[in-house]
Amino acid sequence: MKINQYMVATQLSFSGIRHERRALNLTIMSMSLGLNYSSDEEEILNAVSKDAFGLSSLPVAKKPRVEEPAAKATSTDAAPHVLSEDPLNLKTLVTRPTDTQMNVNIPYEEMMLPLQGPENPFADRNRFLNQNALAGHVEEQSMTDHAFRSQHLTHSILGYSANPSLDPNAPAVLGSLEAAQANNFATLDTLRATRSQKKELKRKRKAKGDLEIVDGEGAYVGPWAGNKDEDNQQEFLAGVEAGDEDEDDDEDEEDMPAALKKAKPKRGASGQETTTFHGKSMTDYQGRTYMSPPVSEAPHLLHEAGSQECFIPKVCIHTWTGHTQGVSVIRTFPQTGHMFISGSMDTKIKLWDIYTHGNCLRTFHGHTKAVKDICFSNDGRQFLSCAYDRTMKLWDTETGQCLKRFGNGKIPYVVRFHPDDDKQNIFLAGMSDKKIIQYDMNSGEITQEYDQHLGPVNTITFVDENRRFVTTSDDKTIRAWDFDIPVVIKYIAEPHMHSMPAVTLHPSNKYFAAQSLDNQILVYSTDNFRQNRKKRFAGHSVAGYACQVGFSPDGKWISSGDGEGNVVFWDWKTGRIKSRMKAHSKVVIAHEWLPHETSKVITASWDGLIKLWD
């Protein structure tokens with residue numbers, strides 16, 4: 001029996017049977033039978049139980065790593081990790097720095113233990129013992145919106161309020177204690193005036209009068225009786241109107257209430273126009289004023305304008321400053337162009353020098369609101385200005401005197417002298433009430449009204465040897481008129497058309513260019529008023545702005561400002577953009593080519609600056 005069992009166990013160990021369960025079953029069976037084994041047999045059985053499949057004898061690429069017990073350190077640890085408490089009976093929470101959760105319930109006794117250790121000398125730098133915040137003492141308090149509002153109004157109007165602090169040593173009332181005691185510590189919403197106070201406050205009505213008396217003192221007035229206070233006021237007004245001869249006027253004005261004082265007329269109002277000359281002397285050593293062109297500095301001013309070949313400017317060579325708000329319009333002096341005039345939203349009109357010193361020559365104070373348009377007469381000795389104060393004024397360019405004033409109660413958007421030399425006493429004005437009004441300056445009367453537009457009139461342009469003029473309006477139409485005949489001879493309106501708030505005549509007088517608010521410039525003929533479809537200038541952004549269109553004196557270039565502060569130049573023949581120049585920080589609303597220069601352009605912007613480019 002022993003031999004059979006030994007043979008079975010040996011065969012199992014050397015044949016490499018795949019199932020360990022059988023070997024174990026055999027081992028258990030042998031033990032249950034109570035068999036006796038020798039020492040060699042026991043070793044074999046142990047080997048079978050540990051490695052029944054002979055895996056340890058197979059060749060392996062890498063042996064498993066077996067950690068050997070480290071040798072005992074001979075050196076002593078200077079700072080061992082020692083817990084003062086029993087690790088099996090911990091009362092204090094011990095965590096690692098990397099722990100993000102604490103799965104423990106801290107008892108109340110642990111949370112309420114007093115702070116131990118020395119006091120931090122830098123923790124409490126407060127100036128006062130009761131200061132618990134950087135700005136002072138702060139307490140959290142909750143109250144309704146109504147309670148807060150009533151206490152706030154009481155404090156701002158009556159001068160006291162209840163103290164919301166929980167500190168028993170704090171005062172119960174903040175502010176005036178006397179006012180609080182006088183009102184019995186009541187808030188504003190609980191205060192009620194007594195009957196006697198209401199009687200004093202109530203206006204006392206005069207007696208109804210006697211029915212039998214019709215007129216005079218004590219006459220019947222019934223329910224229409226006035227108040228007693230009104231008599232005192234009327235007496236005072238009568239005294240002010242009559243004037244007291246014994247007292248000075250200054251003392252009367254001091255006694256008069258502010259509401260009854262007459263408003264001081266604004267500077268620039270009708271009859272209050274002023275002017276300021278900014279030079280040292282009105283004349284030079286030859287007795288010439290700034291009206292005569294500086295031929296010594298610029299002899300080419302006597303040549304014919306437009307005879308020179310023009311180029312596109314590139315560099316800013318001068319900047320005029322003086323307007324405190326945006327500039328809305330500039331106009332060069334006719335024929336010579338040695339000066340220019342500017343109108344601004346600061347209500348001022350300024351005359352500037354170009355060739356000699358480049359400074360401001362004169363300021364005209366004549367409007368109370370922003371200046372909209374300016375127009376020189378043919379000789380430049382006079383100019384018209386219109387503004388949003390609903391007035392049009394005629395000025396003397398040399399002396400600065402306001403010669404005449406015009407207006408019909410509506411806002412003028414554009415003013416134009418008649419270009420003929422024999423009609424310099426006539427000007428046209430496009431108004432906000434959709435009309436074009438023709439004035440005779442000699443009589444000061446309106447001689448004609450052109451009433452066909454359906455919106456405010458923006459531009460007036462004379463064409464065809466000044467026999468006709470073209471107008472544009474907010475109604476998105478172009479209308480042509482015969483001068484002095486209020487009948488439209490040409491009506492241009494298309495569904496795709498936009499408003500055209502700026503129109504400029506080409507130097508050849510054969511075309512006029514209109515700035516359309518759909519970011520393009522359209523060109524029309526002056527003889528038959530047809531659009532020239534081949535000439536269309538686009539690529540700039542002017543939507544919403546009445547940016548002026550400009551032509552070089554030789555007609556080779558067309559230019560326009562845009563809403564981003566650029567000035568764009570196109571070739572008149574090809575329609576291509578030749579240059580886009582960053583000129584200002586805000587919209588370039590107006591610009592003018594100097595008539596006798598090859599490449600000089602003046603630009604004006606809503607940033608208040610006027611620049612000269614070359």
Side-chain angles (χ1 to χ4, degrees), residues 268-273 328-329 331 334 341 343 347 349 364 366-397 401-475 477-491 501 503 546:
S270 181
Q272 300 292 324
E273 297 88 357
S328 54
V329 58
R331 295 280 183 263
I341 200 163
T347 73
I349 301 168
F364 304 85
H367 292 285
T368 57
K369 290 188 179 179
V371 180
K372 181 65 175 70
D373 194 23
I374 295 173
C375 181
F376 272 112
S377 61
N378 283 0
D379 56 2
R381 296 196 167 275
Q382 296 176 347
F383 69 89
L384 277 165
S385 67
C386 67
Y388 285 97
D389 58 4
R390 304 171 190 265
T391 61
M392 294 162 281
K393 299 192 177 182
L394 180 67
W395 301 84
D396 189 299
T397 312
Q401 182 184 0
C402 180
L403 303 175
K404 292 186 178 180
R405 305 164 193 87
F406 308 93
N408 67 340
K410 301 293 185 291
I411 300 174
Y413 285 152
V414 56
V415 285
R416 284 289 178 273
F417 272 101
H418 194 286
D420 285 346
D421 290 331
D422 58 343
K423 293 187 177 68
Q424 287 295 286
N425 61 321
I426 296 172
F427 76 91
L428 300 180
M431 312 301 288
S432 60
D433 63 346
K434 315 169 193 176
K435 295 180 182 178
I436 301 112
I437 296 177
Q438 180 177 316
Y439 278 95
D440 185 354
M441 291 189 295
N442 294 337
S443 62
E445 295 179 355
I446 298 173
T447 58
Q448 190 63 267
E449 283 189 0
Y450 306 84
D451 186 10
Q452 289 286 323
H453 276 293
L454 304 176
V457 180
N458 292 322
T459 66
I460 300 171
T461 309
F462 280 90
V463 296
D464 191 19
E465 297 180 354
N466 309 324
R467 291 192 295 262
R468 298 172 177 172
F469 62 92
V470 178
T471 59
T472 64
S473 166
D474 283 351
D475 61 8
T477 65
I478 302 174
R479 299 175 199 243
W481 316 73
D482 275 323
F483 179 72
D484 215 9
I485 301 173
V487 178
V488 175
I489 60 172
K490 184 71 175 180
Y491 170 77
V503 173

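Computed over heavy atoms, backbone and side chain alike; hydrogens, waters and symmetry mates excluded.
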For Ile437 against Ile446, the heavy-atom pair lying closest together: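 It is CG2-CG2, 3.4 Å.
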Heavy-atom pair of closest approach, residues Val414 and Cys386: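 Result for this residue pair: N-SG, 4.3 Å.
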Donor-acceptor contact present, side-chain Ser328 to main-chain Val371, <3.5 Å: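 Yes; judged by distance alone, with no hydrogens or angles, the pair exists.
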Polar side-chain atom of Asp420 near backbone of Asp422 as donor-acceptor pair, under 3.5 Å: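 Judged by distance alone, no pair lies under 3.5 Å.
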Please enumerate all residues that pass salt bridge (Lys or Arg N to Asp or Glu O under 4.0 Å) together with [X], with sequence neighbours excluded.
X: Lys435; answer: Glu449
X: Arg467; answer: Asp464, Glu465
X: Asp396; answer: none

Sequence neighbours left out, what passes side-chain hydrogen bond (donor to acceptor under 3.5 Å, both in side chains) with [X]? Give chain and number order.
X: Glu445; result: none
X: Tyr450; result: Gln438
X: Thr471; result: His453, Trp481
X: Arg331; result: Asp373

Under the ring-ring contact (aromatic ring centres under 6.0 Å, His included) test, residues paired with Phe462 that sit two or more places apart: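 Scan of Phe462 (ring-ring contact (aromatic ring centres under 6.0 Å, His included), adjacent residues dropped) gives His418, Phe469.
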Non-neighbouring partners of [X] that pass side-chain contact (heavy atoms from CB on, under 4.5 Å), sequence neighbours left out:
X: Thr472; value: Asn458, Thr459, Ile478, Met500, Val503
X: Gln424; value: Ser377, Asn378, Phe417
X: Ala370; value: Met345, Tyr388

Exercise answer: donor-acceptor pairs, residues 404-412 side-chain atoms, under 3.5 Å, sequence neighbours excluded:
unit_1, atom_1, unit_2, atom_2, d
Lys404, NZ, Met441, O, 2.3
Arg405, NE, Glu273, OE1, 3.4
Arg405, NE, Glu273, OE2, 2.8
Arg405, NH2, Glu273, OE1, 3.0
Asn408, OD1, Lys410, N, 3.2

The single option from Gln448, Lys423, Arg468 passing side chain to side chain contact (heavy atoms under 4.5 Å, CB included) against Phe483: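 Filter result, single survivor: Lys423.
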